[in-house]
J.: 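Before I ask anything, let me first share the structure, which is written out below as structure tokens.
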Amino acid sequence: MRVPIGFQFAGLHAGLKSTRKDLALVYSETPCTAAGCFTENLAAAAPVRDARERLPSEGIFAVLINSGSANALTGPKGLDDVRASREALAKELGCSADAVLCCSTGVIGHPLPIAKMLHALPKLCLGRTVDPVPAAEAIMTTDTRLKVGFRTFEVAGKTVMLSGICKGSGMVQPSLATVLAVLTTDCAISPEWLASSLREAMGSSFNSLSVDGDMSTNDSILVLANGRAGNAAITGPGEDYDVFSAALTDLCGQLAREVAADGEGATKLLEVDVKGAPTVAIARDLARAVAGSNLVKAAVFGADPNWGRILAAVGGRAGTQRYPVDPARSRVTVQGVEVYADGPLWHDPTALKAKMREPLVRVLVELSQGPAEAHAWGCDLSYDYVKLNADYTSLLVQAPDGGVSRDNRLSNYSPAFKTSLLVGALSYISKFRGQRCVIKYGGAAMVKESLKASFCRDVELLRSVGLQPIVVHGGGPEMVHAIEKLTGRADYVDGQLDPPDPLMMEMVLSGGINSELVTLLNREAEAAVGLSGKDANLLRAKPIPGEEGQGEITRVNKDFLEMLLKQGYLPVISPVGISEDGRTLNINADRVAAEVALAVGASKLIFLTDVAGMLRNGELLSELNVAELQSAVADGTVTGGMRVKAEASVRALTGGVDRVHIVDGRIPNSVIAELFTDRGVGTLVAP
Ligand code: ADP
Ligand code: MG
């Protein structure tokens, strides 16, 4: 990322948190004009009380930010610590203590570990570079994603750069959430107009976040301008000011949107637009009311197209504020589907539900009372939100990497919830005892460590409730990678590898992937047996004419599998076959899975892959029958690697397998979710 001229950044681990970076520096080689917007909380943290008195101003060189401790409600020591860190940093940088601003984020009521901070300052200053990423990392708390942004634009014929680092609210709980952002620009602009421009930017960005509708003790948005772009300084209204303000508003908007999307407990970003309102203030307030409505947020979490809640939220807010708007005379659109226009409209609730499963849910309310419009960002309200905030301190645990993570153990749920969960689960589980199920293991689940582990646990859980799983793995992304490494080239054609080199394939499949998978599975239980199709001639195959090294199955050694299953073993099969004349052949793993399912009389066949399931125009097809599947192949909806799965599914279902599931391997525990819930998470195909 490029950054404005003359700015430097640093971030390191000073020991405020157990292992992660926790101290950040934003520095300008030349003095800056600076402005800030702060929390209005009367319990504002010491660094906020210190900085807001001194802004807007000139002559600022640096911002020091720590995470790990909020330095809020820490008594007189709080302000003393801010002064001490300002002085120490100033000495290190060779500027005056007045040239330093501070921000803190972390736990309220914990005094700043000032000795650790002071100790780390020399190293922090030495580590300055033009890369803002270490600083952006050091201000993160429970953020899961880095938040940085950059804009470049022209002011009075000069190129101006603007960049920003930001952290969001870890908890989607107003009194604990903190937003910190430091924006830097090389634009020349007076402190007053910088402040005015920041105020303008706040309206449609950080002040349009419903998750932080009430501010924390530490919210601070700072902007530093050092004038190094060389433009004639902006000292009043006009075109230059407008261009600068527009860029600042735009960048703040991007960062605020990322904060909403990354709220803890949130699974989706909610974007609400209100149009046709009498004033912008009313439009913004109503948009925030919708984005902040618990009922709307819960519906978004559950992908429930219950649009009535949207207008109820508009009406409720408009009523208490006496806004001259009539919610009944409006148009409401959810994910591009019009659901209301002066009255309810017919729409297909299943289609809308599928659209609402997307990570971004858009709501548009068009009133008919004026020209003004505004937006607001929020997030959905998940079970995790309630769980987390019901007992915030005991449910957040220190992760081994020094961060915090959630304690997801079932024991944290209410007794009534646990009971109904158990009753539901047990009645499902009993149906599966003694049944066989073939799982084709492919896609992202094969590469990401956490997904591999969750897959192995799922397989063991299936075994523990009496289901008899068989795993067939593909080559997946690892195969491409390995062959690329060995040969310098690889092409994926139609879900199959080209050119195939049988020896290399065998090495990667049986020697590499199979053996690793068996090792992982046997950590959970000592039952996994790694098999190549050559073992006991498990997979007999014949060459496919014109496809060098590729084969199709002619026979599965059913007795061999039966013997293993009866003994309680878990067969893990690599898709390598053997021809009558002893040649090694590579077989598509989807086809192997289908043939194995038929051979052992499996009731289920599960394909774990890299997409949400079978899609049509980007929408998930959650249930299909064989005829529908065949026409989806015929009309070109299903192509490439998915077509191979579709054909294998048809073969399995017409041969006696009860159900085929195509499941998103990128979601942890997706196999369990598809099997043990009424409406699964992927595509279900039945005869
Ligand atoms: P795997 O490693 O799981 O076998 P593949 O790449 O072979 O994965 O097959 C899945 C791919 O099929 C998807 O990533 C997608 O690109 C492609 N595909 C083609 N048509 C569809 C469809 N209608 N729905 C979903 N995926 C499709
Ligand atoms: Mg494939």
Side-chain angles (χ1 to χ4, degrees), residues 351 354-355 357-358 438-448 451-452 455 458 471-484 490-498 500 505 508-509 512-514 516-517 544 547 550-553 573-577 586-597 605-652 660-667 670-671 674 680-685:
K355 289 198 161 117
R357 290 209 188 98
E358 294 293 316
V438 175
I439 308 172
K440 150 72 196 304
Y441 180 57
M446 297 187 69
V447 222
K448 205 175 153 196
L451 290 174
K452 280 190 206 175
F455 171 76
D458 284 3
V471 176
V472 177
H473 63 80
E478 259 178 65
M479 176 74 115
V480 178
H481 186 70
I483 292 188
E484 248 162 18
D491 311 304
Y492 227 174
V493 177
D494 206 23
Q496 303 204 19
L497 279 164
D498 185 60
M505 292 276 202
V508 177
L509 286 170
I513 298 172
N514 189 277
E516 194 206 349
L517 188 54
I544 301 177
E547 289 187 37
Q550 300 282 339
E552 60 186 329
I553 298 196
I573 303 172
S574 82
V576 173
N586 175 58
I587 313 169
N588 179 280
D590 297 334
R591 300 204 179 107
V592 173
E595 295 305 326
V596 168
L605 170 59
I606 301 172
F607 293 105
L608 216 60
T609 184
D610 256 358
V611 275
M614 217 165 269
L615 310 172
R616 174 178 280 141
N617 302 327
E619 276 177 30
L620 179 72
L621 299 167
S622 41
E623 256 184 80
L624 290 170
N625 60 31
V626 169
E628 286 163 339
L629 183 58
Q630 276 166 326
S631 69
V633 171
D635 70 14
T637 299
V638 174
T639 56
M642 192 55 75
R643 185 183 170 139
V644 183
K645 288 182 218 311
E647 285 160 357
S649 305
V650 171
R651 164 107 178 102
V660 174
H661 305 259
I662 298 156
V663 174
D664 192 343
R666 298 166 302 179
I667 301 170
S670 48
V671 172
E674 180 71 33
V681 291
T683 298
L684 165 73
V685 197

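Counting convention: from 1, in listed order, for ligands and their atoms alike. Quick caveat: nothing in here was measured; it's all calculated off a predicted structure.
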J.: Are any non-hydrogen side-chain atoms of Leu509 and His473 less than 4.5 angstrom apart?
T.: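 The answer is yes, as the side chains (C-beta and beyond) meet within the 4.5 Å cut-off.
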
J.: Using a strict cut-off of 4.0 Å, indicate which atoms of ligand 1 neighbour a heavy atom of Val638.
T.: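 In order of number, 20 (N), 23 (N).
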
J.: Need the ligand 1 atom indices (1-based, order shown) with element for anything under 4.0 Å from a heavy-atom of Thr609.
T.: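 Listed by number with element: 1 (P), 3 (O), 8 (O), 10 (C).
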
J.: Would Lys645 count as a contact residue for ligand 1, given that I'm defining contact as a non-hydrogen atom of the residue lying under 4.0 Å from a ligand atom?
T.: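 Heavy atoms of Lys645 do come under 4.0 Å of ligand 1.
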
J.: List every atom of ligand 1 that sits less than 4.0 Å from any heavy atom of Gly613, numbering the atoms from 1 in the order shown and giving each element.
T.: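 Counting atoms of ligand 1 from 1, those under 4.0 Å from Gly613 are 24 (N), 25 (C).
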
J.: Within the 4.5 Å heavy-atom criterion, are Asp635 and Arg616 side-chain neighbours or not?
T.: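 Yes, at least one pair of side-chain atoms sits under 4.5 Å.
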
J.: Ala652 and Ala594: which non-hydrogen atoms are nearest, and at how many Å?
T.: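 Shortest heavy-atom separation between Ala652 and Ala594 comes out as CB-CB, 4.3 Å.
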
J.: Atoms of ligand 1 less than 4.0 Å from Leu615 heavy atoms?
T.: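 Per the distance check, 22 (C), 23 (N), 24 (N), 25 (C).
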
J.: For a side chain to side chain contact (heavy atoms under 4.5 Å, CB included) with Met642, tell me which candidate from Val633, Val611, Thr637 qualifies.
T.: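 By the side chain to side chain contact (heavy atoms under 4.5 Å, CB included) criterion, Met642 pairs with just one of Val633, Val611, Thr637: Val611.
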
J.: Can Ala632 be said to touch ligand 1, with heavy atoms closer than 4.0 Å?
T.: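 False for this residue.
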
J.: Looking at ligand 1, does any of its N/O atoms fall within less than 3.5 Å of an N/O of Met642?
T.: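 Yes, there is a polar N/O contact under 3.5 Å.
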
J.: As an exercise, identify every atom of ligand 1 less than 4.0 angstrom from a heavy atom of Thr637.
T.: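 Matching atoms, with element in brackets: 20 (N), 22 (C), 23 (N).
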
J.: Can Arg643 be said to touch ligand 1, with heavy atoms closer than 4.0 Å?
T.: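 Arg643 does not count as a contact of ligand 1 under the 4.0 Å cut-off.
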
J.: Test your reading of the model: is there a side-chain donor-acceptor pair from Thr683 to the backbone of Met614, 3.5 Å cut-off?
T.: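 Answer holds: yes.
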
J.: Can you spot which of Leu621, Leu620, Ile662 makes a side chain to side chain contact (heavy atoms under 4.5 Å, CB included) with Leu615?
T.: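 When side chain to side chain contact (heavy atoms under 4.5 Å, CB included) is applied between Leu615 and each of Leu621, Leu620, Ile662, only Leu620 qualifies.
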
J.: What are the atoms of ligand 1, with element, lying closer than 4.0 Å to any heavy atom of Met614?
T.: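 Close to Met614: 24 (N).
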
J.: Minimum distance, heavy atoms only, to atom 14 (O) of ligand 1: which one of Val633, Val611, Val663 is it?
T.: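 Nearest option to atom 14 (O) of ligand 1, by heavy atoms: Val611.
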
J.: Which heavy atom in Gly665 sits nearest to a heavy atom in Ser670, and how many Å separate them?
T.: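 Nearest heavy atoms, Gly665 then Ser670: CA-OG, 4.1 Å.
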
J.: Is the side chain of Arg666 donor-acceptor paired with the backbone N or O of Asp610 at a distance under 3.5 Å, no angle test?
T.: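 Yes; judged by distance alone, with no hydrogens or angles, the pair exists.
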
